[in-house]
J.: 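After the structure tokens below, expect a handful of questions from me.
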Amino acid sequence: MPDVLSNAADPISALVGKAVAEFIAAKTRAGRSDRYIRTLRNSLSKFSDGRARRALDSVTTAELERWLAASRWRPRTQRGYLADVRTFFSFALRRGLCTTNPANAVEVPTLPPGAPPGIHSPAQVRAVLETARRIDPDTCRLLAVRYFAGVRSADAHRLTEENFRGDVLEVPAAKSKTRARRLVKIEANLAAWLALPGKLPVSNPDRVRAVIRAAGIHWPRNATRHSFCSYHLAHFGNAARTALEAGHSEAMLFAHYRELVTPEAAAAFWAIAPEPPLPPLPDMAAPVQGAA
């Protein structure tokens, strides 16, 4: 079989490795995010392993099911890899590189009942932000935006000062994982944190990790965004608004965040503002007025 990509008129389908390379190149040219491209490279390299020089049309649904079943990946990981393979075959089908999409018929692995999203308590949020304020003001600004505007971590690193427009934070489509523009109201406590010294962007995630270590706070996956969704829904009681500002669906909000926190905790979260700086210690060497 020739080691070349075919076209729609060629009855011989493309080779897996060549088609994967074309798919990733097309997504890169289309301006997809670096994070998304890295994800595709990871999942499709696992799919291509041992199949790179095989024809796409030789890959069957049963083979893909065996591939997933033989792995030690968790169900959520299996679902993610399968979604990427399905997207890849859809691309190849549109380009005439194969005649079927075997991934469409694969039974999607079932997710086990999951624990509720991991969030931070108001006390933990304050500890994180005050630690960041003390050791890295720029990262304090970034984390305040993540907590109180619900911005995804990758999106937050792309934000600049120009994205703050009065009482609204704009997440442009070009800086959003979902490629959808989003506007988030800047609440009073976030405005107070933004009034402190600091500047975006913070391009190095290691600075965030340094703050986490210094604060000594357990960090569940997506803790800042989960905290925003939970406390926003509980405090404002408007699922449509929370979904719009977070970039979620209302169904997802009710499935994962409804009744996760109490109204009292939500009120405490939205009252978290910077503590006033401590006054300087007195000069112990100076005489004290009125002292004997």
J.: Could you list all the side chain to side chain donor-acceptor pair (under 3.5 Å) pairs where at least one residue sits in residues 37-46, not counting sequence neighbours?
T.: Asn42-Lys46, Asn42-Tyr81, Ser43-Asp84

J.: Test question: given the 4.5 Å side-chain rule for I, L, V, M, F, W and Y, name all other residues clustered with Val168, or answer none.
T.: Leu183

J.: I'd like to know if Leu93 and Leu15 are part of one continuous hydrophobic network [Ile/Leu/Val/Met/Phe/Trp/Tyr, side-chain heavy atoms within less than 4.5 Å].
T.: no

J.: Test of understanding: with side-chain hydrogen bond (donor to acceptor under 3.5 Å, both in side chains), list the residues that count as partners of Arg51, not counting sequence neighbours.
T.: Glu63

J.: Start with the C-alpha gap between Glu22 and Phe91, add the side-chain angles, then the distance that decides, and say whether side-chain contact (heavy atoms from CB on, under 4.5 Å) holds.
T.: CA-CA 10 Å; Glu22 182 172 323; Phe91 165 87; 4.1 Å; yes

J.: Quick check: does any side chain N or O of Ser58 sit under 3.5 Å from a backbone N or O of Arg54, one acting as donor and the other as acceptor?
T.: no

J.: Between the side chain of Arg86 and the main-chain N/O of Ala103, is any donor-acceptor distance below 3.5 Å?
T.: yes

J.: How are the rings of Trp270 and Phe148 set relative to one another: parallel (under 30°), tilted (30 to 60°) or perpendicular (over 60°)?
T.: tilted

J.: Stepwise, does the side-chain contact (heavy atoms from CB on, under 4.5 Å) test hold for Tyr147 with Ile272?
T.: CA-CA 10 Å; Tyr147 275 123; Ile272 298 171; over 6 Å; no

J.: With a 4.0 Å cut-off, would you call Arg126 and Glu275 a salt bridge?
T.: yes

J.: Report the C-alpha separation of Trp67 and Phe47 in whole Å, then their side-chain angles, then the decisive distance to 0.1 Å, and conclude whether the side-chain contact (heavy atoms from CB on, under 4.5 Å) test is met.
T.: CA-CA 8 Å; Trp67 171 61; Phe47 162 69; 4.0 Å; yes

J.: Is there side-chain contact between Ile212 and Ile217, with at least one heavy-atom pair below 4.5 Å?
T.: no

J.: Hey, does the side chain of Thr77 reach the backbone of Trp73 with a donor-acceptor pair shorter than 3.5 angstrom?
T.: no

J.: Identify, with sequence neighbours excluded, every residue that meets side-chain hydrogen bond (donor to acceptor under 3.5 Å, both in side chains) alongside Arg221.
T.: none

J.: Measure from the side-chain N and O atoms of Gln124 to the backbone N and O of Ser121, and report whether any donor-acceptor pair falls under 3.5 Å.
T.: yes

J.: Are Leu200 and Val202 side-chain neighbours, meaning at least one heavy-atom pair lies under 4.5 Å?
T.: yes

J.: Would Val128 and Leu143 satisfy side-chain contact (heavy atoms from CB on, under 4.5 Å), going step by step from the backbone distance to the final call?
T.: CA-CA 8 Å; Val128 170; Leu143 287 170; 3.9 Å; yes

J.: With a 3.5 Å distance limit and no angle check, can you tell me whether Arg225 reaches the backbone of Ala246 through a side-chain donor-acceptor pair?
T.: yes

J.: Is Asp138 paired with Lys199 through a side-chain N to carboxylate O contact shorter than 4.0 Å?
T.: no

J.: Please check this pair: side chain of Glu170 against backbone of Asn163, looking for a donor-acceptor N/O pair closer than 3.5 Å.
T.: no

J.: What I'd like to find out is whether the side chain of Leu56 reaches to under 4.5 Å of the side chain of Thr100, using heavy atoms alone.
T.: no

J.: Quick one: does Ser71's side chain get under 4.5 Å of Gln78's, heavy atoms only?
T.: yes

J.: Establish, for the pair Arg32 and Tyr36, whether the NZ or CZ atom is under 6.0 angstrom from the six-membered ring centre and no further than 45 degrees off its axis.
T.: yes

J.: Do any pairs count as a salt bridge (charged side-chain N to carboxylate O under 4.0 Å, His left out) and have a residue in residues 233-248, sequence neighbours left out, and if so which ones?
T.: Glu187-Arg241, Arg241-Glu245

J.: Applying ring pair (Phe, Tyr, Trp, His ring centres under 6.0 Å) as the test, list every pair that has at least one member in residues 195-219; sequence neighbours left out.
T.: His120-Trp219

J.: Do Arg141 and Glu161 meet the salt-bridge criterion of a basic N to acidic O distance under 4.0 Å?
T.: yes

J.: Test ring-ring contact (aromatic ring centres under 6.0 Å, His included) on Phe228 and His232; report intermediate values, then the result.
T.: CA-CA 6 Å; Phe228 170 83; His232 196 282; 5.0 Å; yes

J.: Would you check if the side chain of Thr61 reaches a backbone N or O of Pro102 as a donor-acceptor pair within less than 3.5 Å?
T.: yes

J.: Of the options Arg209, Arg133, Arg207, which is the one that meets Thr139 in a side-chain contact (heavy atoms from CB on, under 4.5 Å)?
T.: Arg207

